[in-house]
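Heads up, the thing below is written out as structure tokens.
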Amino acid sequence: MKEKALILDKAGIDRALTRIAHEILEKNKGPADLALVGIQRGGVHLARRLAVKIRDIEGVDVPVGSLDITMYRDDLDIRASQPVPKGTDISFDVHDKAIVLVDDVLYTGRTIRAALNSIMDYGRPRRIQLAVLVDRGHRELPIRADFVGKNLPTSTKEKVEVMLSEESAEEKVVILEE
Amino acid sequence: MALGSKDLLGIRGMSADEINLILDTAMSFKDVSEREIKKVPALRGKTVINLFYEASTRTRTSFELAGKRLSADVINISVSTSSVVKGETLLDTAKNIEAMKSDMIIVRHPCSGAPELLAKRLKSSVINAGDGFHEHPTQALLDMFTIRERLGRIEGLDVAIVGDIAHSRVARSNIYGLTALGARVRVCGPPTMMPRDIERLNVSVYYDMDKAVDGADVIMMLRLQLERQAAGLFPGVREYARLYGLNKRRLSLAKDGAIVMHPGPMNRGVEIMSDVADEGSVILDQVTYGVAVRMAVMFLLSGGGRAETQSLS
């Protein structure tokens with residue numbers, strides 16, 4: 001696949017995350033009882049970055065967890081081989097917390113459905129909100145994001161790739177096509 | 001790398017990558033058992049049958065819990081209460097079970113090769129839970145997982161396996177797996193219990209236990225099957241305990257921080273002394289990790305859309 005368009009560069013990603021951090025604090029009326037849970041893999045890096053930004057704004061450390069949704073997928077039957085779980089690490093009590101799920105790209109919504117079921121198995125949060133860097137549309141379930149970095153109309157033939165400096169040489173969001 | 005096979009019949013022929021995939025996957029399943037809600041929906045709607053032709057508490061319970069924690073429906077069939085006592089053959093029993101739409105059959109059988117026979121004739125995934133003197137692959141996987149958890153690695157370690165090597169499927173599966181992962185394996189036991197040509201499996205053979213455990217990182221004791229005495233393979237339990245039992249003195253010959261393992265059930269005072277079994281052994285860790293490793297195996301085998309229906313070794 002080749003690159004069709006650059007959607008966000010390094011500065012663009014950073015600005016989007018700064019705005020999302022402010023929006024999370026605004027909507028939740030501050031950082032009390034807030035916790036961020038990133039979905040493996042990209043979402044985990046974004047959740048950690050959001051936690052840093054929230055600390056810069058409010059001077060408070062909010063707990064950050066990571067969630068692997070492999071065991072909760074609905075397509076385990078139809079995949080050629082099973083994906084290897086990357087590990088879930090939620091070391092805080094989710095009970096009564098305001099959880100913000102963080103993922104890089106929101107697409108069909110099936111990952112989020114799996115993440116919601118998974119997190120409920122750890123306890124009963126007071127509420128769960130969703131933050132994504134890119135919402136590319138094409139939902140197959142009634143799920144929407146509370147905080148969006150960039151709304152991006154795409155075709156299903158295209159692929160949205162989020163490259164982050166934690167795992168990649170570059171940092172950008174691009175659309176790839178055949 | 002993917003576990004694209006239908007069955008798990010043995011460790012023989014598995015690559016280091018395949019073994020590591022299972023052990024890595026088991027890491028995540030270990031966490032599931034430590035949560036408040038010890039259940040994930042990965043095998044929801046699947047039917048798993050435990051078909052055990054030999055007595056077992058640990059392995060059968062471990063597979064049952066593994067299946068249930070993956071949300072599968074698990075049925076246990078113990079042979080003493082089944083139609084097997086009316087003379088039904090293994091294959092007929094299995095085909096009848098499959099006719100009720102099973103997805104996975106876990107078999108323990110006194111005949112080597114029984115799981116392989118079923119794997120070839122059934123659409124269900126077959127997991128070998130121990131067959132005759134052949135293999136016990138999930139035991140070896142949980143042993144390797146335990147070593148990796150406790151010592152951080154397997155490559156380059158010296159592992160002494162002590163006991164009735166000839167009649168031990170646990171020993172055989174561990175030899176295949178540990179050598180594939182780069183451990184140096186020593187086997188030790190009375191000459192009557194040592195298979196001929198065992199050196200061909202890249203192990204070193206010892207008849208003197210003091211030498212076998214000297215400097216070892218891992219001491220894996222095997223259960224002495226007391227009925228072997230009637231067959232004349234060892235003269236008496238007390239002599240066996242003196243020559244091949246693990247006691248504090250022998251353990252002190254091993255490397256500092258060496259771990260003591262036993263697949264259970266133990267004959268206390270025979271192959272392992274109580275003080276060694278109760279202090280500093282990892283025997284109960286093995287049992288804990290067994291559930292995680294079996295969850296990983298069941299999860300990996302349950303993938304649909306398999307390209308080919310080959311058996312894993």
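Throughout, protein chains are lettered first and strands after them, A, B, ... in sequence-line order, and every chain is numbered starting at 1.
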Applying the side chain to side chain contact (heavy atoms under 4.5 Å, CB included) test to A:Pro85, which of B:Asp31, B:Val40, B:Thr25 qualifies?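 Among B:Asp31, B:Val40, B:Thr25, the one that satisfies the side chain to side chain contact (heavy atoms under 4.5 Å, CB included) with A:Pro85 is B:Thr25.
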Flag if over 12 foreign heavy atoms under 6.0 Å of [atom1], [X]:
X	atom1	result
A:Arg113	CZ	yes
A:Lys10	NZ	no
B:Arg121	CZ	no
B:Glu155	CD	no

What's the shortest heavy-atom distance between A:Met71 and B:Val32, and which atoms? SD-CG2, 3.7 Å
Would you name the heavy atoms of A:Asp121 and B:Lys39 that are closest together and state the gap between them?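 Here A:Asp121 and B:Lys39 meet closest at OD2-O, 3.4 Å.
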